[in-house]
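A quick write-up on the structure given underneath.
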Amino acid sequence: MSIHIEAKKGDIAETILLPGDPLRAKWIAETYLNNATCFNKVRNMFGYTGAYKGQRISVMGTGMGVPSISIYAHELITEYKVKNLIRVGSAGSYQKDVKIRDIVLAMAASSNSGLNARRFGGADYAPTANFNLFQKAVDTARSKNIPVKAGNVFTSDEFYADDFDSYKKWSKFGVLCVEMESAGLYTVAAKHNVNALSILTISDSLVTGERTTSQERETTFKEMVEIALELG
Ligand SMILES: O=P(O)(O)O[C@H]1O[C@H](CO)[C@@H](O)[C@H]1O
Ligand SMILES: O=c1cc[nH]c(=O)[nH]1
């Protein structure tokens with residue numbers, strides 16, 4: 001039992017899927033896992049362990065933002081010995097050709113996170129995906145005929161920016177989309193020498209203004225989950 005997770009040692013698999021939304025975690029467990037048992041209800045941050053194609057695997061919500069995912073990633077790694085942390089999140093597109101429901105593999109995560117700025121004394125650290133997980137995700141997507149895009153994403157501390165157009169600078173420099181956790185996840189994983197990857201589904205577009213509903217974000221982003229489940 002850790003401060004934010006009530007699971008016993010051994011209750012959590014070495015590989016875990018991490019959606020921001022705990023109800024997406026519940027949906028993943030109910031839809032894909034055999035014999036899933038719930039290991040966490042603290043703060044309603046639901047976590048489950050079950051089997052997928054005979055492999056033991058876990059899924060748990062992380063909440064929103066770098067501080068929240070950093071807490072859960074830290075406890076999962078240090079208290080529960082989790083080795084592969086795979087975020088399955090939603091993101092807003094920064095590019096015309098990154099469309100609603102496209103899947104983006106986050107090779108790296110630029111950020112305005114206050115947490116990393118403080119951690120590295122104002123210097124730039126480049127949070128990056130684990131190469132083996134990344135390569136396996138690309139191969140899995142190819143074998144399932146699921147098209148993916150890959151590149152730099154932006155991890156923001158804010159969902160509602162004061163200056164909406166500020167995203168255009170990142171867009172101009174090739175950043176594909178915005179979300180709120182990957183830079184934190186990659187940094188905590190690197191600190192503890194374990195593996196992390198973010199697989200994102202585009203839920204809305206800052207370019208066109210289109211967006212999906214919260215219900216769709218909870219239960220219909222299947223393809224990224226089907227890629228992630230193969231990475232255990
Ligand atoms: O859908 P999730 O995984 O929560 O990811 C995105 O959605 C939330 C904002 O709506 C932020 O957590 C952002 O990163
Ligand atoms: O952080 C996020 C996630 C989805 N869509 C956004 O615009 N921002």
Side-chain angles (χ1 to χ4, degrees), residues 16-29 31 43-48 58-73 76 85-96 98-106 108-116 127 129 149 151-171 175-188 196-229:
I16 191 163
L17 271 54
L18 299 171
D21 179 358
L23 291 178
R24 194 181 310 138
K26 185 167 186 279
W27 171 76
I28 292 169
T31 308
R43 293 176 182 246
N44 276 349
M45 200 58 78
F46 302 122
Y48 304 83
S58 296
V59 56
M60 181 180 162
T62 64
M64 293 186 274
V66 168
S68 187
I69 198 168
S70 299
I71 289 170
Y72 290 110
L76 288 167
L85 297 94
I86 303 155
R87 170 163 153 70
V88 282
S90 65
S93 172
Y94 274 4
Q95 304 288 341
K96 233 181 11 231
V98 177
K99 308 217 187 278
I100 299 288
R101 294 186 175 278
D102 278 1
I103 294 176
V104 172
L105 304 180
S110 300
S111 184
N112 60 8
S113 159
L115 211 154
N116 265 8
K149 296 185 163 74
N152 201 351
V153 308
F154 187 62
T155 297
S156 180
D157 271 355
E158 55 191 3
F159 186 84
Y160 298 108
D162 289 339
D163 173 13
F164 179 82
D165 284 341
S166 60
Y167 87 85
K168 290 180 181 163
K169 178 64 151 279
W170 297 98
S171 170
V175 170
L176 300 179
C177 58
V178 59
E179 49 82 79
M180 300 178 69
E181 293 83 17
S182 295
L185 175 64
Y186 288 1
T187 305
V188 173
L197 174 69
S198 282
I199 309 178
L200 305 168
T201 302
I202 300 299
S203 56
D204 57 276
S205 170
L206 282 82
V207 182
T208 65
E210 292 164 275
R211 61 185 190 195
T212 53
T213 64
S214 52
Q215 175 68 24
E216 288 174 299
R217 293 172 203 215
E218 188 181 312
T219 62
T220 69
F221 290 173
K222 295 191 161 118
E223 289 180 325
M224 72 173 163
V225 173
E226 288 168 10
I227 296 170
L229 285 165

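All ligand and atom numbering here is 1-based and tracks the order in the structure.
Ranking protein heavy atoms by distance to atom 7 (O) of ligand 1, first place goes to Ser90 OG, 3.2 Å. In terms of protein heavy-atom proximity, atom 5 (N) of ligand 2 is nearest to Asp204 OD1, 2.7 Å. The protein heavy atom nearest to atom 3 (O) of ligand 1 is Arg87 NH1, 2.8 Å. Among all protein heavy atoms, the one lying closest to atom 4 (O) of ligand 1 is Gly20 CA, 3.3 Å. For atom 8 (N) of ligand 2, the nearest non-hydrogen atom of the protein is Phe159 CE1, 3.5 Å.
For ligand 1, the polar-atom distance check finds an N/O of Met180 within less than 3.5 Å of one of the ligand's N/O atoms. At least one N or O atom of Gly92, backbone or side chain, sits closer than 3.5 Å to an N or O atom of ligand 2. Considering both main-chain and side-chain atoms, Met64 never comes within under 3.5 Å of ligand 1 through any nitrogen or oxygen pair. Some N or O of Glu181 is nearer than 3.5 Å to an N or O of ligand 1, by distance alone.
Atoms of ligand 2 found under 4.0 Å from any heavy atom of Met180, numbered from 1 in the order shown, are 1 (O). Residue Ala91 has at least one heavy-atom neighbour below 4.0 Å for each of these atoms of ligand 2: 3 (C), 4 (C), 5 (N). Here is the list of ligand 1 atoms found below 4.0 Å of a heavy atom in Phe159: 9 (C), 10 (O). Against a heavy-atom cut-off of under 4.0 Å, Glu179 is close to the following atoms of ligand 1: 14 (O). In summary, the atoms of ligand 2 found under 4.0 Å from a heavy atom of Val178, numbered by their order in the structure, are 1 (O), 2 (C), 3 (C), 6 (C), 7 (O), 8 (N). The Leu206 neighbourhood of ligand 2 comprises atoms 7 (O), with distances under 4.0 Å to a heavy atom of that residue. When each atom of ligand 2 is checked for a heavy atom of Ser203 under 4.0 Å away, the hits are 4 (C).
Residue Leu185 forms a side chain to side chain contact (heavy atoms under 4.5 Å, CB included) with just one option from Val66, Ile69, Thr62, and that option is Ile69. Exactly one of Val88, Ile86, Leu197, Ile199 qualifies for a side chain to side chain contact (heavy atoms under 4.5 Å, CB included) with Ile227. That residue is Ile199.
Aromatic rings of Trp170 and Tyr94 (six-membered ring for Trp) have centroids beyond the 6.0 Å cut-off, not under it.
Salt bridge present: Asp165 and Lys168 bring a charged side-chain N and a carboxylate O closer than 4.0 Å. Using a 4.0 Å cut-off between charged nitrogen and carboxylate oxygen, Glu216 and Arg101 count as a salt-bridge pair.
In terms of modelled atom types and a separation under 3.5 Å, the side chain of Ser90 and the main chain of Thr201 share no donor-acceptor contact.
Side-chain contact check for Val175 versus Lys169: every heavy-atom pair is 4.5 Å or farther apart. Contact annotation: the side chain of Leu115 approaches that of Ser70 to within less than 4.5 Å [non-hydrogen atoms, C-beta and beyond].
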Q) Is there a side chain to side chain contact (heavy atoms under 4.5 Å, CB included) between Ser203 and Arg211 once you walk through the steps? A) CA-CA 6 Å; Ser203 56; Arg211 61 185 190 195; over 6 Å; no

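Taking the six-membered ring where the residue is Trp, Tyr167 and Phe164 present perpendicular rings, their angle passing 60° and hence far from 30°.
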